[in-house]
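Input: a single structure, listed below in structure tokens.
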Amino acid sequence: FAALKMAGVPYYVENIARQFLSRYHAERGLWEKMLADLEKNPDAREPLARMPSLCSRTFAEAYAKELQRHAAQYKTEGPLFYSLASEPSVTRLAAAYDFDFHPEAMQEFRRWLERDAYGTLSALNEYWGTGFKSWAEVVPMTTPEARMRLKDGVNNYGPWYDFRAFQDLMFAKTIREGAAVIRREDPKARVGITGAMGPFAFGGWDWVRLADALDVVEAYDIGGARALWRDLTYGKPALAVLPLSPDPASLQETRRTLWSLALDGGPRAAMLWDEAPGGEGARVLLDGEGKPTPAANVLAPVLRELDGPLGLLTAKLRRTRGGVAILYSPASVRLNWLFEADHLHGDDCMKAWGADTSAERRESLQLRLRESWCKLLADLGLPWWFVSSAQIEAGELANPDTGPRAVVLPRACALSDKEAEALKIFAAGGGIVLVDAFCGRFDEHGRERKKPALDELFRNIFKENR
């Protein structure tokens with residue numbers, strides 16, 4: 001590290017708060033122990049308390065102290081950015097688990113429900129279909145409890161859905177507050193995370209909130225995560241870690257990926273992970289004598305081009321919008337998780353998508369559908385971009401400069417009234433709206449509507465195709 005600094009090589013500071021944000025992934029055996037404790041007593045709430053809770057005062061004080069220490073250490077050196085943690089999460093990566101029932105988290109959840117979501121206890125009870133007598137009694141539903149409503153045909157998942165949304169809010173809030181702590185010590189600092197997951201229902205991965213909280217990100221390319229960052233932040237820097245293989249076909253794919261990243265627009269960087277498949281110290285770019293390998297010579301021309309004037313030019317590019325917009329709906333992500341997990345795994349869904357942290361990535365239909373739309377539109381040569389539910393509510397579809405000609409709603413089962421109205425106005429003005437089954441059946445809190453939100457828009461089409 002000292003040699004790199006002497007050579008003037010730019011660097012970022014990694015994992016300055018990993019013990020706070022990635023504990024269940026970093027500490028060997030901790031996650032498995034917690035799952036085992038819950039399996040022994042599935043009705044217990046103690047195993048559902050995150051340690052440390054993102055809502056606890058003790059956490060906030062220790063977290064701030066650790067961040068201040070690192071910022072004070074590095075502020076005179078001007079690192080590229082500070083990474084709060086690699087693979088941070090409310091749970092472990094994107095694993096399904098009903099965090100956080102910690103007492104302080106419950107208190108903050110109730111305050112949020114009253115202050116920001118419902119206003120009064122009677123409004124919450126009416127919406128959730130509950131009968132709480134005081135705010136102190138209010139508790140959310142666990143996933144098994146929400147599945148009981150699903151089995152009984154009670155299609156109101158508000159007590160579960162709002163708790164999931166609250167966990168996403170707390171994760172983004174923790175990151176935002178951490179960035180503020182660092183900038184008080186180092187005003188020019190950029191703050192981000194590395195090893196970010198795709199848009200999942202558990203773990204804190206609401207990319208609308210994260211786009212606002214982070215300055216920079218290194219994300220795994222899961223479920224369109226890199227494109228979501230590109231489109232929801234528009235100009236913020238991003239880093240991509242690319243694993244390497246000496247296989248000729250893999251090297252050509254790496255060349256294409258490097259150009260794809262550069263043409264995303266905005267500041268982009270790639271870190272080439274110089275470790276051959278199988279590990280054991282073997283490298284791809286350098287041989288045992290530290291000399292470039294044939295694989296390095298294949299990548300060298302692209303790297304030289306991107307490190308020169310052409311790379312500087314691509315960093316200043318901005319993607320034009322228009323064309324086709326793909327809806328990113330965090331509300332629909334949450335509800336689709338419940339329906340898919342129940343359909344695929346039934347009573348074992350929490351074990352299947354909790355113990356195996358990669359299972360959802362392999363099996364989720366909504367994730368695959370989002371990725372498929374991205375690839376299909378790219379293969380057709382059509383300009384496309386992600387638009388969030390919040391952006392649609394704010395009038396993005398009507399923007400004369402950046403508004404799309406068509407909007408795709410992949411498995412958009414949950415739409416707000418404002419969202420639905422904006423889509424109707426867009427269609428009335430000549431815009432194209434593409435939907436699939438289940439569209440708009442629920443509202444933005446997970447309660448089933450009396451009729452789907454876009455029923456009037458598509459009623460004639462449905463009649464013709466019955």
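Predicted, not measured: the structure shown is a model, and the values here were computed from it. The first residue of the sequence shown is numbered 1, and numbering continues consecutively from there. The figures that follow rest on heavy atoms only: side chains count, while hydrogens, waters and symmetry mates do not.
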Are Tyr24 and Phe99 an aromatic pair by the rule of ring centers under 6.0 Å?
yes
Check step by step if side chain to side chain donor-acceptor pair (under 3.5 Å) holds for Arg92 and His25.
CA-CA 5 Å; Arg92 180 186 182 189; His25 186 51; 3.1 Å; yes
Could Arg411 and Asp436 be called an ion pair, given the rule that one side-chain N must be under 4.0 Å from one carboxylate O?
no
Examine the side chains of Ser389 and Glu419 and answer whether a donor and an acceptor come within less than 3.5 Å of each other.
yes
Does Asp401 pair with Arg321 as a salt bridge, N-O distance under 4.0 Å?
no
Does a side-chain N-to-carboxylate-O contact under 4.0 Å join Glu444 and Arg334?
no
Note, Trp160 side chain near Pro140 side chain (heavy atom, < 4.5 Å):
no
Using side chain to side chain contact (heavy atoms under 4.5 Å, CB included), reason through Tyr97 and Leu35 one step at a time and then give a plain yes or no.
CA-CA 9 Å; Tyr97 197 80; Leu35 292 173; 3.7 Å; yes
Are any of the side-chain nitrogens in Lys418 or Glu421 under 4.0 Å away from the carboxylate oxygens of its partner?
no
Would you check if Gln252 and Val298 make a side-chain contact, meaning some heavy-atom pair closer than 4.5 Å?
yes
Which heavy atom of Leu434 sits nearest a heavy atom of Ile432, and at what distance?
CD1-CG2, 3.5 Å
Could you tell me whether the side chain of Ser260 and the main chain of Arg256 form a donor-acceptor pair under 3.5 Å?
no
Exercise: identify the closest heavy-atom pair between Ile193 and Ala196
CD1-CB, 4.0 Å
So does Gly195 get a backbone contact from the side chain of Glu218, meaning a donor-acceptor N/O pair under 3.5 Å?
yes
Taking Ala414's backbone N and O only, do any of them form a donor-acceptor pair with Arg449's side chain (distance below 3.5 Å, no angle check)?
no
More than 12 non-hydrogen atoms from neighbouring residues, nucleotides or ligands closer than 6.0 Å to CH2 on Trp273, yes or no?
no
Using a 3.5 Å distance criterion without hydrogens, assess whether the side chain of Thr314 forms a donor-acceptor pair with backbone atoms of Gly311.
yes
Side chain to side chain donor-acceptor pair (under 3.5 Å) evaluation trace for Thr143 with Arg147
CA-CA 6 Å; Thr143 300; Arg147 288 186 60 250; over 6 Å; no
Given side chains that start at C-beta, do those of Leu232 and Gln391 come closer than 4.5 Å, heavy atoms only?
yes
Please confirm whether Tyr82 and Tyr12 have ring centers closer than 6.0 angstrom.
no
My understanding is that only residues two or more places apart in sequence, or in another chain, count here; which of them pass side chain to side chain donor-acceptor pair (under 3.5 Å) with Arg164?
none
I'd like to know whether the aromatic ring centres of Tyr63 and Phe59 sit less than 6.0 Å apart in this structure.
yes
Between Tyr220 and Glu87, does a side chain to side chain donor-acceptor pair (under 3.5 Å) hold up when you go through it step by step?
CA-CA 10 Å; Tyr220 297 126; Glu87 299 177 329; 2.6 Å; yes
Can you check whether Leu303's main-chain N or O pairs, donor with acceptor, with Asp307's side chain at less than 3.5 Å?
no
Between NZ of Lys151 and CG of Asp342, what distance do you get to the nearest 0.5 Å?
7.0 Å
Can you classify the ring geometry of Trp128 versus Phe109 as parallel (below 30°), tilted (30 to 60°) or perpendicular (above 60°)?
parallel
Is there a donor-acceptor pair under 3.5 Å between the side chain of Asp152 and the backbone N or O of Val154?
no
Does the side chain of Asn15 pick up a donor-acceptor pair with the side chain of Ser86 at under 3.5 Å?
no
Is the shortest side-chain N to carboxylate O distance from Arg149 to Glu145 below 4.0 Å?
no
Nearest heavy atoms of Ala225 and Ala219, plus distance in Å
CB-CB, 4.3 Å
On a heavy-atom basis, which atom in Ala85 and which in Ser22 lie closest, and how many Å separate them?
CB-OG, 3.5 Å
Main-chain N/O of Glu104 paired with His102 side-chain donor or acceptor, under 3.5 Å:
yes
Does Asp168 pair with Arg209 as a salt bridge, N-O distance under 4.0 Å?
no
Value for CG (Leu423) from CG (Leu415), rounded to nearest 0.5 Å, stands at 6.5 Å
Within the 3.5 Å criterion, strictly below it, is a donor on Glu363 or Trp353 matched to an acceptor on the partner's side chain?
yes
Could you report the tightest heavy-atom contact between Leu454 and Ala420, atom names first, then the distance?
CD2-O, 3.8 Å
Flag the pair Asp356 and Lys351 as a salt bridge only when some basic side-chain nitrogen lies within less than 4.0 angstrom of an acidic carboxylate oxygen.
no
In the structure I gave you, are the side-chain heavy atoms of Leu317 and Asp264 within less than 4.5 Å of one another anywhere?
no
Give me each pair satisfying ring-ring contact (aromatic ring centres under 6.0 Å, His included) with a member in residues 366-385, each pair once, sequence neighbours excluded.
Trp384-Phe386
Indicate yes or no for a side-chain donor-acceptor contact from Asp443 to the backbone of Gly446 under 3.5 Å, with no hydrogens or angles considered.
yes
Over 60° means perpendicular and under 30° means parallel, so tell me whether Tyr127 and Tyr118 are parallel, tilted or perpendicular.
tilted
Ring centres under 6.0 angstrom apart (Phe200, Phe202):
no
Check this for me, if you would: do Glu137 and Arg110 make a salt bridge, where the nitrogen-to-carboxylate-oxygen distance has to be below 4.0 angstrom?
no
Leu210 versus Trp229, closest heavy-atom pair with distance:
O-CZ3, 4.1 Å
Would you check, one step at a time, whether the test side chain to side chain donor-acceptor pair (under 3.5 Å) holds for Ser53 with Ser56?
CA-CA 5 Å; Ser53 174; Ser56 75; 5.2 Å; no
I'd like to check the side chain to side chain donor-acceptor pair (under 3.5 Å) partners of Arg23; sequence neighbours left out, ordered by chain and number.
Glu27
Quick one: are Leu299 and Thr254 in side-chain contact, heavy atoms under 4.5 Å?
yes
For the CH2 atom of Trp135 and the CG atom of Leu113, what is their distance to the nearest 0.5 Å?
5.5 Å
Taking Asp100 for the side chain and Arg50 for the main chain, is one N or O donor matched with an acceptor at less than 3.5 Å?
yes
If we count only N and O atoms by modelled type, under 3.5 Å, do the side chains of Arg368 and Ser372 hold a donor and an acceptor together?
no
Under 3.5 Å: donor-acceptor pair, side chain of Asp348, backbone of Met350
no
For Ser122 and Asn125, which I'm curious about, is there any donor-acceptor pair between the side chains at under 3.5 Å?
no
Centroid-to-centroid, Phe339 to Phe438, below 6.0 Å?
yes
For the residue pair Val13 and Phe81, establish whether any side-chain heavy-atom pair is separated by less than 4.5 Å.
no
